[in-house]
Chemist: 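Have a look at this one.
A note on names: the letters A, B, ... follow the listed sequences, proteins ahead of strands, and every chain is numbered from 1.
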Amino acid sequence: MLDIKLIQNDFENVCKKLRKKNVNEDIIESLKEISLKLKSKRAELEPLQAEQNASSKLFGVWAREGKDISELKARLSQNKEKIATLSKDVKELEERLSNLALTIPNLPDDIVPQGKDENDNIEIKKVLTPPTFDFKPKEHWEISENWIDFQRGVKLSKSRFSVLKNEAAKLERALINYMLDFNTKRGFKEVAVPYIVNRETLTGTGQLPKFEDDLFKIEGEELFLIPTAEVPVTNLFRDEIISEDELPIKMTSYTACFRKEAGSAGRDTRGMIRQHQFDKVELVCITKPEDSDRIFNEMVKCASDLLSSLGLAHRHLMLCGGDLGFGAAKTVDLEAWFPGQDRYREISSISNTRDFQARRAKIRYKDGKKNRLVHTLNGSSLAVGRTLISIMENYQKADGSIEIPKVLKSYM
RNA sequence: GGACAGGUGGGUGAGUUGGCUGAAACCACAUCCCUGCUAAGGAUGCGUACUGGUAACGGUACCGAGGGUUCGAAUCCCUCCCUGUCCGCCA
């Protein structure tokens, strides 16, 4: 959620920044309007309430002393009606304000490049060189007979579900453990969290109210399957005031993730790139505002080093405004090289949401005497399924076998 | 899922014939004083959000959530949520 005061005081600047994210500024205009209207209504209401409170106290005193209270009572009853009308207005405005505010995305940082979509993202750097093959490398689904069973995944569930077998199942497990250990060594504390969460939790991180269609909802309950560990892990501190010396809080968590992939019809229908259920090891950090850029770089480096340690060539991309997610102020994507597809594909995404989620989720810390919003950051380190198939494509041999990266051998 | 008991500030916990309680007391915490050494004592401060004011200092709202009764509710009524205990069920 954006800071309403910022919208009131620096309207032009907010609009300018949101334009970069392709947001219609009419919405901001009406947000500003409602907030101002609300403020003036409140200014009308509160003195009346003050009077009512004072007179009601008097009422009690007079009644005890046996004074005549009929006139006072009449006045209070009248005032009561005015208050009722006004509070109804205030309440309505509050609701409209929060409904609107909850649907407006975060402001992008100034360094975020202008751009419409993924084609305008900026490559920052490449790490490692893609391997060369003396045969034509296959795509992962062509070398996966004994590893991934797509048909039976569909039989059990529906399209975009798959089953891992034999070495693949084992490799998946090895990757999860390896990634968690890797992240833990860098100071991220491991947490294991629920995969099913409520509406407040999803609102805190920004998935709701706007993106309900992307989520699997539990029938008959106000509960949803998590689309990423970012949701439960960040919300661990929802409605809490953290003491300053606990920051930064650096966490890593393995979870399964569930996404409807609404709107991606026809994209990546083949293979395991885009599934409704996938495993991911996530990094989440809660920091003081002044530390969040530093921690952001740490997270990017952690994920990038993790890829390097697996011998996977990859590149860093700075996402442009148009490709930036709803809550992100800045995002760096890591794309791993997929020889079979002959291209880089996203395998990690690290975002700084600054105080956007913190304001929604009311995550604050005590800065001396004052409570201030924290910054929250999240990033994959890494998407396990995509890492698995990246390994398959990068480590394939002419005879169709697949080598296991050195660092994983002790995990198999 | 059924029965009963509860949900108050960072913690413990008063407050249940509605008004003087936004909330006692204790603990924790912060600053200061005394003392002087791995102690004790004393003073003051210490919820959150919005809002007025340069500030001092005020106002409003919040005692699980939402509604209701009333001039006035933490205190009464309704709905929901959660926790504990017992029972049932289950990896």
Chemist: Rounded to the nearest Å, what distance is computed from the CD atom of residue A/Glu94 to the P atom of nucleotide B/U51?
Modeler: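 Taking CD of A/Glu94 and P of B/U51, I get 12 Å after rounding.
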Chemist: Using atom P in both nucleotides, what's the gap between B/C32 and B/G18 to the nearest angstrom?
Modeler: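 Going atom to atom, P in each nucleotide, I get 47 Å.
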Chemist: Expressed in angstrom and rounded to an integer, what is the separation of A/Glu200 atom CD from B/G66 atom P?
Modeler: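 From A/Glu200 CD to B/G66 P: 12 Å.
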Chemist: With rounding to the closest Å, how many angstrom separate the P atoms on B/C62 and B/A73?
Modeler: 8 Å
Chemist: Can we say A/Arg42 and A/Glu94 salt-bridge, meaning some charged N sits less than 4.0 Å from an Asp/Glu carboxylate O?
Modeler: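 Looking at A/Arg42 and A/Glu94, the cut-off is met.
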Chemist: What's the closest nucleotide to the A/Lys5 side chain, out of B/A61, B/U51, B/U48?
Modeler: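 My answer, after comparing the listed nucleotides, is B/U51.
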Chemist: Taking for each residue the nucleotide of RNA chain B bearing the nearest heavy atom, is the 5' side occupied by A/Lys39 or by A/Ser77?
Modeler: A/Lys39
Chemist: Evaluate the side-chain contact (heavy atoms from CB on, under 4.5 Å) criterion for residues A/Cys257 and A/Gln277: first the C-alpha distance (whole Å), next the side-chain angles of each, then the deciding distance (0.1 Å), finally the verdict.
Modeler: CA-CA 6 Å; A/Cys257 303; A/Gln277 175 188 321; over 6 Å; no
Chemist: Mind calculating the distance between CZ (A/Arg364) and P (B/C50) to the nearest angstrom?
Modeler: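 Distance check: A/Arg364 CZ to B/C50 P gives 9 Å.
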Chemist: B/G72, B/G59, B/U48: which one has an atom nearest the side-chain heavy atoms of A/Gln52?
Modeler: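 Selected nucleotide: B/G72.
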Chemist: Of the options B/G59, B/A61, B/G72, whose atoms approach the side-chain atoms of A/Ala50 most closely?
Modeler: B/G59
Chemist: So, applying side-chain hydrogen bond (donor to acceptor under 3.5 Å, both in side chains) with A/Ser292, which one of A/Asn297, A/Asn352, A/Thr287 is it?
Modeler: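 Answer after filtering A/Asn297, A/Asn352, A/Thr287: A/Asn352.
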Chemist: Heavy-atom nearest nucleotide on RNA chain B for A/Phe59 versus A/Arg42: which residue maps closer to 5'?
Modeler: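 By nearest-heavy-atom nucleotide position, the 5'-most residue is A/Arg42.
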Chemist: Would you call A/Arg345-A/Glu335 a salt bridge at under 4.0 Å N-O?
Modeler: no
Chemist: Quick check for you: among B/U60, B/U48, B/C20, whose closest atom lies nearest to any side-chain atom of A/Ile241?
Modeler: B/U48
Chemist: Nearest to the side chain of A/Ser56 - B/U48, B/A61, B/C71?
Modeler: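 The nucleotide sitting nearest to the side chain is B/C71.
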Chemist: Distance check, C1' atoms only: B/A49 and B/C63, in whole angstrom units.
Modeler: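 Between the two C1' atoms, the distance is 16 Å.
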